[in-house]
There are 2 protein chains.
Amino acid sequence: MTSKYALDREDLTLNARLVRGLREAILSGDLKGGARLVEREMTEMFGVSRGLLREAIQTLASEGLITLVPHKGPVVTLLGREEAAQLYRVRGALEGLACSEFTQRASDEQRQELFDIFARLEAMVVKEEPNALVEAKNDFYRCLLNGAANEVLELMFTQLNNRIVQLRRLTLSASGRFPDTLKEIGRVVNAIRAGDGRRARDMAEAHVAAAAEVVQRRFSELDLDKE
Amino acid sequence: MTSKYALDREDLTLNARLVRGLREAILSGDLKGGARLVEREMTEMFGVSRGLLREAIQTLASEGLITLVPHKGPVVTLLGREEAAQLYRVRGALEGLACSEFTQRASDEQRQELFDIFARLEAMVVKEEPNALVEAKNDFYRCLLNGAANEVLELMFTQLNNRIVQLRRLTLSASGRFPDTLKEIGRVVNAIRAGDGRRARDMAEAHVAAAAEVVQRRFSELDLDKE
DNA sequence: TCAATCATATTGTCTAACAATCTGTCAATA
DNA sequence: TATTGACAGATTGTTAGACAATATGATTGA
């Protein structure tokens, strides 16, 4: 029933747009981890009523981006080292699944697109502006998830990744790791190219584990442990 | 006016209890897949205001239990065969992770508890009331997740499982499969006993895949494909 | 310094209202 | 007959205002 001309009704309700706006404000770092979200301020910031705002907050809370503290108010979720570790472990499992699914389900076009994106990544030098890098990575994952053709997986992975985005401060500063990252992703791509889903998965998990370790190290270096 | 879901407003915030109550009503099957959730009816059913109800609906919508159709109202999510398949694939990955994490993280007590629960499962005969069986299985998973010591995983797995619960109608009727199920889980438990996380994971995935296949078969048999 | 108390801000919840949108009905028309 | 259009009722989308419950910070008293 959904033709390619179907209009996106979601955009129409203020509610949906508010959720997106608030999510964006958190992901972009405008609302930093630990920040309190005072209702009155938020309603002014977004120009919506209290009711709508509270609905949106409920949504983001159940996505994990916001933490609800009864009678104190919502707070932008702040990740500790333990939560970060847990997040990455789950991400490993999901990313692994995405890779193995992609390997056996993706169309030739999708496969080609993934290779192209990877080539674009490879062509980047460390010095290049981080934005382009982040965007290329996003493209990579978007393509991967499309090819995996599993909306449940896509949703969960996206939600998980949204939570991890807050750690970007930690990982970006350690961008000297880029060559390693590239090598790891390369192994994934090669396995996909070879049609070896199992290996693609293992390599993906290894990659995530490596990224997780970097984050843990940064936590130690910056002594960022909150009590 | 007061239904059996009417809340008495005490401890927690009403909001939180409403979410639980509504979730329970869906999981228990009192609100079946496809059912429309008309706001006025729901507010009477739970004895809360429209605002609170809408907040709760947002929450369950982002858990996937409810589907929001703009300007038509919320509907209890109805699973089609394709969504079911996707759900099970992700579940395989998460359950696999849970098993491997359990293997390397669980305490001796938790390990022992898991074995005990499995023994309880083994002792059950097919004829036994399904309720006891479902409960034992729940215990098994609760224990597994506790031992895995990963709250993120626990949350995601629980949410995923909540969505799958709606398919219980399909799987219950095929309870002749119980001996097979038992054998599959047995292999998982054995791997855990042997401390072989990798194998525990593989066996868990195999188990989930088998369950998924049963569901797919039931979809075909009952010709349950919608539209 | 510490503890009890109070004032204020904020959240939790309810009611009422109106606009926008959906649904079904029924007559008019080709 | 089948399609179109218009209309009425029901439901959702959104706002505003109110009040009680709770948290926070300052003040006072010992």
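Atom set for the values below is all heavy atoms of this structure, side chains included, hydrogens, waters and symmetry mates excluded. Keep in mind that this is a model prediction, so the values were computed, not measured. First the proteins, then the strands, lettered A, B, ... as listed; each starts at 1.
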Mind grabbing the angle between the end helix axes of the helix from dT1(C)-dA30(D) to dA30(C)-dT1(D)? Five pairs an end, 10° rounding.
10°

Over 12 non-hydrogen atoms of neighbours within 6.0 angstrom of CZ in Arg120(A):
yes

With a 3.5 Å cut-off and no angle check, do the side chains of Gln112(A) and Asp116(A) form a donor-acceptor pair?
yes

Contact state string [nucleotides 6-12 of chain C, B base, S sugar-phosphate only, - no protein heavy atom under 4.0 Å]
----SBB

Is it true that atom CD of Gln104(B) has more than 12 heavy atoms of other residues, nucleotides or ligands lying nearer than 6.0 Å?
yes

Between Leu167(A) and Tyr88(A), which heavy-atom pair has the shortest distance, and what is it?
CD1-CE1, 3.9 Å

Might you work through the salt bridge (Lys or Arg N to Asp or Glu O under 4.0 Å) test for Glu213(A) and Arg217(A), ending with a clear yes or no?
CA-CA 6 Å; Glu213(A) 239 188 77; Arg217(A) 208 171 316 137; 3.6 Å; yes

I'd like to know whether CD of Glu151(A) has more than 12 heavy-atom contacts from other residues, nucleotides or ligands below 6.0 angstrom.
no

Interatomic distance where CG belongs to Leu68(B) and P belongs to dT11(D) [whole Å]:
17 Å

Cationic N near anionic O, under 4.0 Å, Glu44(A) to Arg40(A)
yes

Using the rule given for salt bridge (Lys or Arg N to Asp or Glu O under 4.0 Å), can you reason through Glu63(A) versus Arg23(A), listing the C-alpha separation, both sets of side-chain angles and the distance that settles it, and then say yes or no?
CA-CA 10 Å; Glu63(A) 287 181 14; Arg23(A) 192 189 286 123; 2.7 Å; yes

Would you kindly give the CG-to-P distance between Leu53(A) and dA16(D), to the nearest whole Å?
13 Å

